Amino acid sequence: MLFDLTDLRLFILIAELNSLTRSAERMNLSLAATSNRIKELEARFGMRLLYRESKGVQLTPAGQTFLTHAQQFMQQVERLKGDMQQYNNGIKGYIRIFANTTAVTEFMPEILGKFLTLHPQVNVALEERLNHDIMRGIQEGTADIGIVAGPVQGDGLEILNFSTDRLVLAAALEHPLAGIGKVSFAETLEYEHVGLHEGSTLHHFLNRIVSESGQRLKLRIQVRSFEAMCRMVETNVGIGIVPHSAALRHKQTMQLSLIELTDPWSVRERSMVVQSLDALPLYARDLVEFIRQQTAQVPPAPVEKEAA
């Protein structure tokens, strides 16, 4: 092998402390043994990884690259230890899901609550990510299942459509756009908007649409959830683009006008992404099928037509 875990831990520590001596002390190694380990690493790769200076050591460009991979490798090792520890606690399955904002905040909590009740020996990690990070996570194997909305491409990945939602405009009852029936996204840009936070999938998607049109989105305020968006919209702070499923739920307790968007991209296919469905553990395949069943029970409702 080119290196072992001690080599990686030692190199990461040297990069943090910029000192062979202090790193040796922290690792309970002699200075000679520490220096020898670094020399052997450099010999194996055929290049210098550290600059030795009077005030300590600095990473070479090659050393910086080695450090990045060493940190990623050790993170994977810690994940592996954590995942395997689950089995000592009686857990027989662990599923890591990367999902977009709508999935994480709207429908997945209820679905996962039901699934985990039926499968008490399965644990799930649900993380909010942007679409391109979700796809990369599946490709790299850091996630088992990805949940995305809209058109996606993934060479060699399986993309499983499971439901359809649409984006609508939510406005306060007294807003000029309230009750007009239909509107294009471009027509909304003269008004102030309520948006989701910077790291959300919807914010990223709408920003791309606006940038491609050469226009600007007037964001009055950004919040962390669709509920907070709808509450701000209800008080007429601004209008907001919201998934129809979320808008309908919050309209039950808030005074909102929902307006259909005429843009083709407003209708969004929801998909699950996996490396290979057949290669997933049985409990993960069970979850994929469970998501399909649960979302199939609630077909998307048409956007209401309100009286002017």
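The structure presented is a predicted model; accordingly, all values stated were derived computationally and were not measured. Numbering starts at 1 and runs along the sequence shown.
Under a 4.0 Å N-O distance rule, the pair E127/R129 qualifies as a salt bridge. In summary, R37 and D7 engage in a salt bridge, as defined by a charged side-chain N under 4.0 Å from a carboxylate O. Salt bridge K114/E110: present, at least one basic N to carboxylate O contact under 4.0 Å.
No side-chain donor-acceptor contact under 3.5 Å links N131 to the backbone of V148. At least one donor-acceptor pair under 3.5 Å links the side chain of T142 to the backbone N or O of G137. Using a distance-only test at 3.5 Å, with no hydrogens or angles considered, no donor-acceptor pair links the side chain of S35 to the main chain of L31. Between the side chain of T188 and the backbone N or O of S184, no donor-acceptor pair lies under 3.5 Å. At least one donor-acceptor pair closer than 3.5 Å links the side chain of R22 to the backbone N or O of L17. Within the 3.5 Å criterion, the main-chain N or O of W265 finds no donor-acceptor partner in the side chain of D263. In this structure a side-chain-to-backbone donor-acceptor pair under 3.5 Å is present from T60 to R48. A donor-acceptor pair under 3.5 Å is formed between the side chain of T101 and the backbone N or O of T201. Listed for the Q275 side chain is no donor-acceptor partner under 3.5 Å among the backbone atoms of L157.
Under the 4.5 Å side-chain criterion, counting only non-hydrogen atoms from C-beta, F98 is not in contact with V273. Side-chain contact check for L196 versus Q222: every heavy-atom pair is 4.5 Å or farther apart. Annotation: side chain of L169 is not in contact with side chain of F185 (no heavy-atom distance under 4.5 Å). Between F162 and I291, the closest side-chain pair of non-hydrogen atoms falls below 4.5 Å. Looking at I95 and N123, their side chains never come closer than 4.5 Å, going by heavy atoms from C-beta outward. In this structure, Y191 and P176 have side chains that are in contact, with non-hydrogen atoms separated by less than 4.5 Å. Side-chain atoms of F107 and I147, non-hydrogen and from C-beta on, do get closer than 4.5 Å to each other. Counting only heavy atoms from C-beta outward, the side chains of R249 and E106 approach each other to under 4.5 Å.
No side-chain donor from either of H175 and S257 sits under 3.5 Å from a side-chain acceptor of the other. A donor and an acceptor atom, one from each side chain of S245 and R270, are located under 3.5 Å apart.
Minimum heavy-atom separation, T34 to A24: OG1-CB, 3.1 Å. In plain terms, the two heavy atoms of F115 and V122 that are nearest each other are CE2-CG1, 4.2 Å. The shortest heavy-atom contact between Q255 and E234 is N-OE2, 2.9 Å. Heavy-atom minimum distance, E192 versus V237: OE1-O, 4.3 Å. Listed here is the closest heavy atom pair of G150 and R268: N-CB, 4.1 Å. Taking each heavy atom of D165 and P243 in turn, the nearest pair found is OD2-CB, 3.5 Å.
Here the straight-line distance linking atom CD of E190 with atom NZ of K218 works out to 7.0 Å at 0.5 Å rounding.
Under the 4.5 Å side-chain heavy-atom criterion for ILVMFWY residues, no single connected hydrophobic cluster contains both L130 and L219. In terms of hydrophobic clustering, with Ile, Leu, Val, Met, Phe, Trp and Tyr side chains grouped at heavy-atom distances under 4.5 Å, I12 and Y51 are assigned to different clusters. Under the 4.5 Å side-chain heavy-atom criterion for grouping Ile, Leu, Val, Met, Phe, Trp and Tyr, F11 is connected to L29 within one hydrophobic cluster. Cluster annotation: M108 and I134 are assigned to distinct hydrophobic clusters (Ile/Leu/Val/Met/Phe/Trp/Tyr, side-chain heavy-atom contacts under 4.5 Å, transitive). Placement of L126 and M135 in two distinct hydrophobic clusters is found when ILVMFWY residues are connected by side-chain heavy-atom separations under 4.5 Å, directly or transitively.
For E158, there are no salt bridge (Lys or Arg N to Asp or Glu O under 4.0 Å) partners at least two apart in sequence or on another chain. In this view, F73 satisfies the ring-ring contact (aromatic ring centres under 6.0 Å, His included) rule with no residue, not counting sequence neighbours. Residues passing the salt bridge (Lys or Arg N to Asp or Glu O under 4.0 Å) test with R208 are E212, sequence neighbours excluded.
Each of N36, L49, L50 was compared with L41 under the side-chain contact (heavy atoms from CB on, under 4.5 Å) criterion, and only L49 meets it.
Counting heavy atoms of neighbouring residues, nucleotides and ligands inside a 6.0 Å radius, atom CZ of R220 does not exceed 12 of them. Counting heavy-atom neighbours within 6.0 Å of M232 CE, excluding the residue itself, gives a total of 12 or less.
Ring pair F45/F66 is perpendicular by interplanar angle, where above 60° counts as perpendicular and below 30° as parallel.
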